[in-house]
J.: 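One structure is given below, represented as structure tokens, and several questions about it will come after.
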Amino acid sequence: MSDDAAKPLILWFRKDLRLDDNHALHAACRTGRPIIPLYIREPSSSGTGPLGGAQAWWLHHSLASLTASIEALGGTLNLVSGDALDVLGAVIKKTGADTVMWNRRYDPPGIAIDTRIKRELEQQGLDAQSFAGQLLHEPSRLKTGGGTPYRVYTPFWRALEGAGEPPHPVDAPRKVEFGPELAASETLTSWKLLPTKPDWAKDFDEVWTAGEEAARERLADFLDESLDGYKSDRDFPARQSTSMMSPYLALGVISPARIWEETRGLDVPADDLVHFRKELAWREFSYHLLFHFPKLPYANWNDRFDGFEWSNSETHFRAWTKGMTGYPIVDAGMRQLWKHGFMHNRVRMIVASFLIKDLMIDWRRGEAWFRDTLVDADPASNAASWQWVAGCGADAAPFFRIFNPVLQGEKFDRDGAYVREFVPELAALDTKYIHKPFAAPQSVLDKADIRLGETYPKPIVDHATARDRALKAYNAVKDAA
DNA sequence: AATAATTTCGG
DNA sequence: CGAAATTAT
């Protein structure tokens with residue numbers, strides 16, 4: 001027996017901050033060799049992009065939770081910042097490790113980094129092993145009959161259904177043999193991931209608890225209380241009826257295969273179950289698109305939109321970000337985002353439609369704002385969804401599908417509970433006018449102590465006028481080659 | 001995962 | 001004549 005058997009291996013954590021259903025960890029344990037858990041803080045210049053402010057907060061707490069889980073098993077999560085290849089090289093040199101294991105990531109810059117690392121390590125005679133698990137299926141696996149990537153969601157969903165059940169998750173190991181802590185390990189606080197404006201994220205923890213245990217509890221509560229009726233209830237932002245899994249999925253604190261597994265065999269209407277699974281499939285579709293069209297985060301998927309004349313009104317953009325547009329459902333959504341690092345899905349569509357169609361501001365500015373302020377910021381879902389609303393994406397809503405913020409409010413926030421929660425200056429307004437204070441008689445406004453233009457803004461654009469303007473601008477590009 | 005305008009339906 | 005269905009954007 002050679003002493004190779006005792007050589008440690010590096011388990012490189014990335015967007016898989018979990019012990020459950022972690023195929024790299026599972027494989028590492030099976031080798032019987034000491035494991036060195038490592039998280040590398042890669043510089044944004046490496047191409048992985050700047051870490052959004054809200055997600056930095058979430059990453060801090062998720063890493064703290066993973067550290068605690070690993071410590072409970074007798075190990076340490078080593079934290080090292082720097083270029084990933086340099087860090088891995090240094091750790092290998094220091095520890096004598098000859099193997100690196102990780103779970104694959106699917107954002108194009110991440111893929112490029114990993115491909116290079118794998119090649120370099122193998123050239124040095126080292127072993128680099130990557131595993132699946134961030135998605136239900138590898139993005140290259142599902143193909144149309146013609147062998148091309150899917151461009152339309154429904155056939156993609158059918159293919160996903162027809163691809164057989166996703167792999168069963170593997171449980172977290174009960175025992176792990178760890179290698180020694182690295183001398184180079186840094187402290188989490190030294191990374192300064194928490195926002196420097198302490199008042200910004202102060203309310204995030206009203207809604208978000210980091211870590212695997214919290215994710216599993218939240219999932220269990222959702223499946224127990226909200227899956228029955230999910231298909232219709234999910235559209236009402238004042239109801240607690242969506243799964244809230246996206247922040248956990250974004251950093252891999254829970255795996256999609258685990259979520260899928262937990263939905264098996266439940267006694268709920270098939271419609272509700274399928275609809276929830278279809279939301280997981282939208283995430284898969286987004287990654288499928290990003291994988292096959294790496295420019296998704298910044299280039300119009302449909303390049304006919306390259307000639308679209310966007311507005312560059314900074315005043316309008318700022319009013320949108322602050323939730324001061326004068327349309328209550330839009331403002332409530334933008335303020336929920338600022339307060340909790342999250343926004344209900346229905347409202348995301350409404351505010352995105354408002355930015356793109358009513359303000360005619362480039363979807364990329366909205367995408368960037370969401371990337372910075374969403375705890376669940378995800379390169380695939382965020383980019384694909386903005387392009388979807390803009391009408392320039394794959395299987396997108398046609399551009400002329402323009403949300404009316406008043407009607408959307410009245411339809412999905414009938415009693416105004418959502419608006420009243422996040423736009424407190426309108427809380428006392430008569431329900432009849434809660435989504436259109438600008439149409440309320442003076443006496444009604446007086447009664448609610450609202451002075452339009454002072455305590456709450458007048459609409460920054462007239463929706464009907466803005467709608468016509470957007471349709472005209474669209475007509476100018478729609479017949480272009 | 002839409003809305004507004006227009007036409008048809010039912011009384 | 002208002003509601004529901006259809007159609008254009």
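Only heavy atoms go into these numbers, but all of them, side chains included; no hydrogens, no water, no symmetry mates. Every chain is numbered from 1 and lettered A, B, ... according to where its sequence line falls, protein lines coming before strand lines.
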J.: Answer yes when A/D449 and A/R451 have at least one side-chain N-carboxylate O distance shorter than 4.0 Å, and no when they do not.
T.: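 Judged by the 4.0 Å cut-off on N to carboxylate O distance, A/D449 and A/R451 do form a salt bridge.
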J.: Applying side-chain hydrogen bond (donor to acceptor under 3.5 Å, both in side chains), can you list everything that pairs with A/N382, at least two apart in sequence or on another chain?
T.: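 In terms of side-chain hydrogen bond (donor to acceptor under 3.5 Å, both in side chains), with neighbours along the sequence ignored, A/N382 is linked to A/E367, A/W386.
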J.: Applying salt bridge (charged side-chain N to carboxylate O under 4.0 Å, His left out), name anything that partners A/R18, two or more places apart in sequence or on another chain.
T.: none
J.: Determine all donor-acceptor pairs shorter than 3.5 Å in which one atom belongs to a side chain in residues 246-254 of chain A; sequence neighbours excluded.
T.:
from: A/S246; atom 1: OG; to: A/D376; atom 2: OD2; distance (Å): 2.7
from: A/Y248; atom 1: OH; to: A/T209; atom 2: O; distance (Å): 2.6

J.: Restricting to side chain to side chain contact (heavy atoms under 4.5 Å, CB included), what partner residues turn up for A/V347, sequence neighbours left out?
T.: A/P237, A/M343, A/H344, A/V351, A/Y418
J.: Got more than 12 heavy atoms from elsewhere within 6.0 Å of CG, A/D415?
T.: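 Buried by this count: over 12 neighbours within 6.0 Å.
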J.: Taking only residues two or more places apart in sequence or in another chain, which ones pass side-chain hydrogen bond (donor to acceptor under 3.5 Å, both in side chains) with A/E138?
T.: A/R104, A/Y106
J.: Checking A/R264 now: which residues fulfil side chain to side chain contact (heavy atoms under 4.5 Å, CB included) with it, not counting sequence neighbours?
T.: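 A/R264 satisfies side chain to side chain contact (heavy atoms under 4.5 Å, CB included) with A/E165, A/H168, A/W260, A/E261, A/R277 once adjacent residues are dropped.
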J.: Name every residue in residues 408-419 of chain A that has at least one heavy atom under 4.0 Å from any atom of DNA chain B, in order of residue number, or write none if there are no such residues.
T.: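 Under 4.0 Å from DNA chain B: A/Q408.
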J.: Could you tell me how far apart A/I329 (CD1) and B/dA2 (P) are, to the nearest whole angstrom?
T.: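 These atoms are roughly 16 Å apart.
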J.: Tell me, which of residues 341-380 of chain A have any heavy atom that sits under 4.0 Å from an atom in DNA chain B?
T.: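 Heavy-atom contacts with DNA chain B come from A/R346, A/M349.
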J.: Please list residues of residues 386-403 of chain A whose heavy atoms come under 4.0 Å from any atom in DNA chain B, ordered by number; otherwise none.
T.: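 DNA chain B contact set from residues 386-403 of chain A: A/W388, A/F400, A/R401, A/I402, A/F403.
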J.: Show every donor-acceptor pair shorter than 3.5 Å between a side-chain atom in residues 149-157 of chain A and any protein atom, with sequence neighbours excluded, or say none if there are none.
T.:
from: A/Y150; atom 1: OH; to: A/K143; atom 2: O; distance (Å): 3.1
from: A/Y153; atom 1: OH; to: A/K278; atom 2: O; distance (Å): 2.8
from: A/W157; atom 1: NE1; to: A/E161; atom 2: OE1; distance (Å): 3.3

J.: Please confirm whether A/R348 makes a cation-pi placement over A/F342, using NZ or CZ under 6.0 Å from the six-membered ring centre and within 45° of the ring normal.
T.: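 The answer is yes; both the distance and angle limits are met.
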J.: Not counting sequence neighbours, which residues clear side chain to side chain contact (heavy atoms under 4.5 Å, CB included) with A/A299? List them please.
T.: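 Here the qualifying residues are A/F293, A/K295.
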J.: For the residue pair A/H61 and A/W57, is the inter-centroid distance of their aromatic rings smaller than 6.0 Å?
T.: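 Yes, ring centres under 6.0 Å apart.
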J.: Does A/K231 come within less than 4.0 Å of A/D271, counting only side-chain N to carboxylate O?
T.: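 The answer is yes: the pair qualifies as a salt bridge.
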J.: Can a side chain N or O of A/N404 be found less than 4.0 Å away from OP1 or OP2 on B/dA2?
T.: no
J.: Hey, can you pull the residues of residues 458-472 of chain A with a non-hydrogen atom under 4.0 angstrom from DNA chain B?
T.: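 A/R467, in order of number.
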